[in-house]
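The model shown is predicted, which means the values in this text are computed figures rather than measured ones. Here is how names work: the chains are called A, B, and so on, in the same order as the sequence lines, proteins then strands, and each is numbered from 1.
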There are 2 protein chains.
Amino acid sequence: MSGTTPSEVRPAGILGLSTFLIHKLGAELRRRVAEELVGMGLGPRHHRALLFLATRGPAAQKDISLATDLDPSNVVGVIDDLDRQGLVVRRRDTTDRRRNVIEITDTGRVVLAQGDEAVGRVEEAALRALEPAERDQLYGFLYRMVVSLDLIKPAPNRVKEG
Amino acid sequence: MSGTTPSEVRPAGILGLSTFLIHKLGAELRRRVAEELVGMGLGPRHHRALLFLATRGPAAQKDISLATDLDPSNVVGVIDDLDRQGLVVRRRDTTDRRRNVIEITDTGRVVLAQGDEAVGRVEEAALRALEPAERDQLYGFLYRMVVSLDLIKPAPNRVKEG
DNA sequence: TATTGTTATACTCTATAACTATA
DNA sequence: TATAGTTATAGAGTATAACAATA
């Protein structure tokens, strides 16, 4: 039960691959998140876009693409949907008229809060088997993996002074 | 740098969700595995099926479905492909003629070995950021999560006496 | 020339429903 | 009645290429 026992024995075959477990977890989590969000007219990708916009402020579609792991060609439709529901506003950047500036609305923030709760429930269910310290460890491992695979830039700007 | 520091600070927003990191990792790993396997005429699902058959021995399509996270309707095509390439043989179960018995061939084992190497390279790349002990910890966390979400039965039969 | 957004399109993976042949 | 496999189909999610407007 303790973390110091080296007796973590992996089953032979497919279940012994971390890759497979991540695949399986990813698929199940996506399924559950989608199920939780469907009631509020959102898909997982809409929630990701809203969350990004709420955290980072107004952003170009290119930025959304990079941050949310969405192809630029697919960002179009996601923002279309959110725009149609009044959850974001899309306007041309006055200084660079190639760009759209996307901004979350007050309604968008309300819906996002509901979405966050829904996603939080899924995350809580997924992490239920782990103690709080282990959850942080897991997050740290995942974060380092994602960084080492060059999937995100090493660190956001938030720095806590000394 | 050590594992005892509690200063694992999570960024606000989408990057703070383990759910998102798992999604991102899952997508990237699937992409890389697919890329590695394409040269040998396999997809990730074909590799999973072959690996399962090599580990468990001859099995019904239903078993493959349960073990590899494939819908039964999709197992059909995957086994079709493998059969066509001579990597498995499909024959009717003599005692229950509803069932197919799928068995990996010698050629299948050769191709599987190549596939395992390819997947191993991806797994190695993904885990490069973690020390060996941490890799085992990560695997343990993932395994417990998968079990707690009821995605697999708690333990295979391999038990080490004493 | 390069970049942002857009459109059309296609491919993979996943999921559902209806059917067949067996049990 | 229930189960194993099959077929057809539909829906996400993802990815590519070509284009218009703008830089």
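- One interatomic measurement links the two molecules: CD1 of A:Ile79 to P of C:dT7, which rounds to 14 Å at whole-angstrom precision.
- Taking B:Pro72 as the reference, B:Ser65 meet the side chain to side chain contact (heavy atoms under 4.5 Å, CB included) condition, with sequence neighbours excluded.
- Following rounding to the nearest Å, A:Arg30 (CZ) and D:dG13 (P) show an atom-to-atom distance of 8 Å.
- Applying the side chain to side chain contact (heavy atoms under 4.5 Å, CB included) rule to B:Ala34 yields the partners B:Pro44; only residues at least two apart in sequence or on another chain are considered.
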Would you give me the side-chain donor-acceptor pairs under 3.5 Å for residues 11-18 of chain B, sequence neighbours excluded?
none

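- Rounded to whole angstrom, the span from the CD atom of B:Glu35 across to the P atom of D:dT16 amounts to 10 Å.
- Residue B:His23 places at least one side-chain N or O under 4.0 Å from the OP1 or OP2 atom of D:dT14.
- Atom-to-atom, CD1 of B:Ile102 to C1' of D:dA4 comes out at 11 Å; the value is rounded to the nearest Å.
- Look at B:Arg45 and you'll find a side-chain N or O under 4.0 angstrom from OP1 or OP2 of C:dC13.
- At a cut-off of 3.5 Å, with distance as the only test, no side-chain donor of B:Arg45 or B:Asn74 sits close to an acceptor on the other residue.
- As rounded to whole Å, 13 Å separates atom P of D:dA15 from atom CZ of B:Arg32.
- Distance, A:His46 NE2 to D:dT14 P: 12 Å, rounded to whole Å.
- In this structure, B:Arg31 reaches the D:dA15 phosphate: one of its side-chain N or O atoms is under 4.0 Å from OP1 or OP2.
- Residues from residues 80-101 of chain B lying near DNA chain D, meaning a heavy-atom separation below 4.0 Å, are B:Arg90, B:Arg98, B:Arg99, B:Asn100 in numerical order.
- Residues from residues 58-75 of chain B with heavy atoms under 4.0 angstrom of DNA chain D, sorted by number: B:Ala60, B:Gln61, B:Lys62, B:Pro72, B:Ser73.
- Regarding B:Glu28, its CD atom lies at a distance of 13 Å from the C1' atom of D:dT14, rounded to whole Å.
- A search for side chain to side chain donor-acceptor pair (under 3.5 Å) contacts involving A:Asp83 returns nothing, not counting sequence neighbours.
- Here the side chain of A:Glu124 pairs no donor or acceptor atom with the backbone of A:Arg121 at under 3.5 angstrom.
- Under 3.5 Å, the side chains of B:Arg91 and B:Asn100 contain no donor-acceptor pair of N or O atoms.
- Inspection of the B:Gln61 and B:Arg99 side chains reveals no N or O donor paired with an N or O acceptor under 3.5 Å.
- Formation of a donor-acceptor pair under 3.5 Å by the A:Asp136 side chain with backbone atoms of A:Ala133 is not found in this model.
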